[in-house]
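Take a look at the structure below.
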Amino acid sequence: MPVRIYAYTALAKENYNLPVYPVLVNILPNSQREIIPNFYEAEFREIKSYQNYYVINLWEIDVNLVFENKLSSLLPLLKGGGNENIVRKAVVELQFLP
């Protein structure tokens, strides 16, 4: 994934000539419990490339923050989102979305 983030960031910068803030949003936890890197680093013939990026793991985000910000469609993916009461509350909110 770090190579992809590095490449996508460079392409976005080149295509739109705007500042790019790279973010990786992980929807589901890695089943292998690996540490998710937040940077890309490479070296070739003493030339170094480095880019860091922000990592958001949805399963670590408190479900109540989503209710406060009206993002109910994310609820099942968040920490505490599998709780039956949370799911019922999400269903009610999702029924009233425009």
Side-chain angles (χ1 to χ4, degrees):
M1 190 56 70
V3 174
R4 281 188 180 173
I5 299 291
Y6 180 73
Y8 292 152
T9 301
L11 286 171
K13 177 71 176 156
E14 180 183 20
N15 286 336
Y16 302 106
N17 197 29
L18 294 171
V20 178
Y21 186 80
V23 177
L24 171 63
V25 178
N26 291 307
I27 297 172
L28 298 172
N30 186 336
S31 61
Q32 300 169 352
R33 304 267 184 209
E34 293 178 13
I35 295 175
I36 299 167
N38 63 351
F39 65 93
Y40 167 79
E41 186 174 35
E43 182 175 352
F44 179 71
R45 295 189 180 215
E46 299 180 18
I47 295 177
K48 297 178 183 180
S49 295
Y50 180 87
Q51 177 189 347
N52 59 343
Y53 49 90
Y54 194 72
V55 176
I56 298 172
N57 297 319
L58 288 182
W59 62 90
E60 295 174 350
I61 305 294
D62 183 14
V63 71
N64 293 309
L65 292 174
V66 173
F67 280 120
E68 293 167 9
N69 293 291
K70 307 279 188 230
L71 301 169
S72 301
S73 59
L74 294 176
L75 286 168
L77 305 172
L78 304 175
K79 182 178 181 179
N83 177 297
E84 182 179 347
N85 292 330
I86 296 295
V87 173
R88 288 180 187 277
K89 187 175 177 182
V91 168
V92 169
E93 287 199 16
L94 288 170
Q95 289 174 345
F96 295 105
L97 285 178

Taking the side chain from Tyr54 and the backbone from Asn38, do they hold a donor-acceptor pair closer than 3.5 Å?
no

Correct closest heavy-atom pair for Tyr53 and Pro37 would be OH-O, 3.0 Å

Min side-chain heavy-atom separation Phe44-Ser49 under 4.5 Å:
no

Shared hydrophobic cluster, Ile5 / Leu11 (ILVMFWY, side-chain heavy atoms < 4.5 Å)
no

Would Tyr40 and Tyr21 show up in the same hydrophobic cluster when neighbours are defined by side-chain heavy atoms closer than 4.5 Å?
no

So if you build clusters from Ile, Leu, Val, Met, Phe, Trp, Tyr with side-chain heavy-atom gaps below 4.5 Å, do Tyr6 and Met1 land together?
no

Looking only at heavy atoms, what is the nearest atom pair of Phe39 and Tyr50, with distance?
CB-OH, 3.5 Å

How close do Gln51 and Thr9 get, heavy atom to heavy atom, and via which atoms?
NE2-OG1, 3.0 Å

